[in-house]
There are 2 protein chains.
Amino acid sequence: MLPGNSVAFSAKTEYGIVSLVELAAIYEQGGVLQVAEIAHRQSIPDRYLEQMLTSLRRARILRSIRGPKGGYQLARPPADITIADVVGCLEGEAAARAAASRDTPEFEVLSALQERLDQARAAILSGTSLQDLLEQRDQLAQAQAMYFI
Amino acid sequence: MLPGNSVAFSAKTEYGIVSLVELAAIYEQGGVLQVAEIAHRQSIPDRYLEQMLTSLRRARILRSIRGPKGGYQLARPPADITIADVVGCLEGEAAARAAASRDTPEFEVLSALQERLDQARAAILSGTSLQDLLEQRDQLAQAQAMYFI
DNA sequence: TGTATTCCCGACTACATCGATGGGGATCCG
DNA sequence: CGGATCCCCATCGATGTAGTCGGGAATACA
């Protein structure tokens with residue numbers, strides 16, 4: 001009934017998150033990445049990715065630099081950006097609809113169940129930061145490197 | 001990316017669940033309810049509800065009786081039917097698609113996150129039976145009756 | 001100052017899905 | 001038989017999603 005907020009992220013959200021993880025990796029050095037660069041590495045249509053990065057900039061999650069040598073960088077440390085922030089930004093527009101369930105007792109208990117689901121989801125999303133995902137990515141890379149010893 | 005399986009249930013799923021709760025309430029007496037009757041009480045288009053009940057019958061969650069005095073009833077006790085069963089039945093068709101994420105490390109950690117979300121959701125859905133919802137409905141009715149004393 | 005590079009903005013399209021409707025058939029009871 | 005009820009399938013309109021496109025504005029650098 002509120003058709004954003006799905007368990008399976010939309011392409012918008014997925015593209016946004018993976019881009020942010022890439023940017024998180026270079027946050028310490030203060031580096032920037034360009035849309036085309038991220039899009040190429042992640043096999044995402046660049047003109048489409050542009051829209052997500054624009055939304056993230058408007059939400060103050062990213063900063064942008066124009067002109068040659070320009071690009072994007074995180075607006076604050078990766079540990080201070082949660083996945084809930086990102087999801088709220090990228091699928092917030094469509095999901096801003098009231099549930100408006102029928103008022104029978106059966107629909108009411110259903111709403112209560114939905115509430116529990118939303119809270120469980122929100123707990124995970126707001127308990128996971130870009131820093132967390134970045135660390136997981138690095139651990140993954142390390143684990144995979146082990147196979148080649 | 002897999003557009004069933006949303007946190008907010010689809011109308012299909014909502015309609016199915018509220019109907020099943022109604023049927024759960026009369027399971028002990030072995031009674032039946034007709035599509036038109038449920039549809040009217042819950043303000044659901046009856047020709048649409050028919051489709052959900054048909055799906056639930058095919059999934060062996062409901063039994064149907066044709067002809068005059070016909071209708072639907074639960075195929076087994078409400079405590080043995082979980083919401084996960086119902087959701088799996090009613091939004092299963094569309095959700096049966098592989099995630100097929102890109103194979104970059106960033107997409108991989110994202111998949112892992114989605115996995116955690118799915119598990120949290122599944123835990124709630126398979127831990128909630130029609131019996132549970134029915135009891136919540138009855139408690140709700142009782143609580144509301146208190147206001148009129 | 002000129003020019004290439006990059007981000008910025010908004011319109012547009014193609015396609016799938018969702019909620020819903022409708023026609024006609026099978027089954028059963030009295 | 002005749003009406004009530006479930007059964008099956010085709011179709012439809014509205015909406016949203018993923019993606020494309022055409023141009024405009026800022027900036028670095030020669």
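Every value quoted in this text rests on a predicted model; they were computed, and no experiment measured them. A note on names: the letters A, B, ... follow the listed sequences, proteins ahead of strands, and every chain is numbered from 1.
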If you take all heavy atoms of Arg116(A) and Val109(A), which pair is closest and at what distance? NH2-O, 4.4 Å

Rounded to the nearest 0.5 Å, what separation is found between the OH atom of Tyr27(A) and the CG atom of Leu74(A)? 7.0 Å

What's the closest nucleotide to the side chain of Lys12(B) if the choices are dA18(D), dG19(C), dC8(D)? dG19(C)

Show the distances under 3.5 angstrom between N or O atoms of the protein and N or O atoms of nucleotides 20-23 of chain C.
residue: dA20(C); atom: OP2; partner: Tyr15(B); partner atom: OH; Å: 3.1
residue: dT21(C); atom: O4; partner: Gln51(B); partner atom: NE2; Å: 2.6
residue: dG23(C); atom: O6; partner: Arg47(B); partner atom: NH2; Å: 2.1

Considering residues at least two apart in sequence or located in another chain, which fulfil the side-chain contact (heavy atoms from CB on, under 4.5 Å) criterion with Thr13(A)? Phe9(A), Ser10(A), Ile17(A), Val87(A), Leu90(A), Glu91(A)

Sugar-phosphate means primed atoms, P, OP1 and OP2; the rest is base. With that split, encode nucleotides 25-30 of chain D 5' to 3' as B, S or - using protein heavy atoms under 4.0 Å. SBBS--

Spatial distance of atom CZ (Arg121(B)) from atom CZ (Arg121(A)) [nearest 0.5 Å]: 9.0 Å

For Arg58(B), report the nucleic acid contact type (base, sugar-phosphate, nothing); a contact means any heavy atom under 4.0 Å. sugar-phosphate

Atom CZ of Arg63(B) to atom P of dT5(D): distance rounded to whole Å? 18 Å

Could you tell me how far apart Phe9(A) (CZ) and dA18(D) (P) are, to the nearest whole angstrom? 13 Å

Same cluster (ILVMFWY, side-chain, under 4.5 Å), Val21(A) and Ile124(A): yes

Write down the distance between CD (Glu14(A)) and P (dA18(D)), rounded to a whole number of angstrom. 9 Å

For the atom pair CG (Leu113(B)) and CD (Glu108(B)), what is the distance rounded to the nearest 0.5 Å? 14.0 Å

Residues from residues 21-43 of chain A sitting under 4.0 Å of DNA chain D, heavy atoms only? none

Taking the basic N atoms (NZ, or NE/NH1/NH2) and the acidic carboxylate oxygens, is any pair closer than 4.0 Å for Asp85(A) and Arg76(A)? yes

Would the distance check show the side chain of Asp132(A) and the main-chain N or O of Ser129(A) forming a donor-acceptor pair, the cut-off being under 3.5 Å? yes

Partner residues of Ala59(B) under the side-chain contact (heavy atoms from CB on, under 4.5 Å) criterion, sequence neighbours left out: Ile61(B), Cys89(B)

Would you say Thr54(A) places a side-chain N or O within less than 4.0 Å of OP1 or OP2 belonging to dC9(C)? no

For residues 29-40 of chain A, which side-chain N or O atoms pair as donor and acceptor with protein atoms under 3.5 Å away, sequence neighbours left out?
residue: Gln34(A); atom: NE2; partner: Gly70(A); partner atom: O; Å: 3.3

Got a donor-acceptor contact below 3.5 angstrom from the Asp138(A) side chain to the Glu135(A) backbone? no

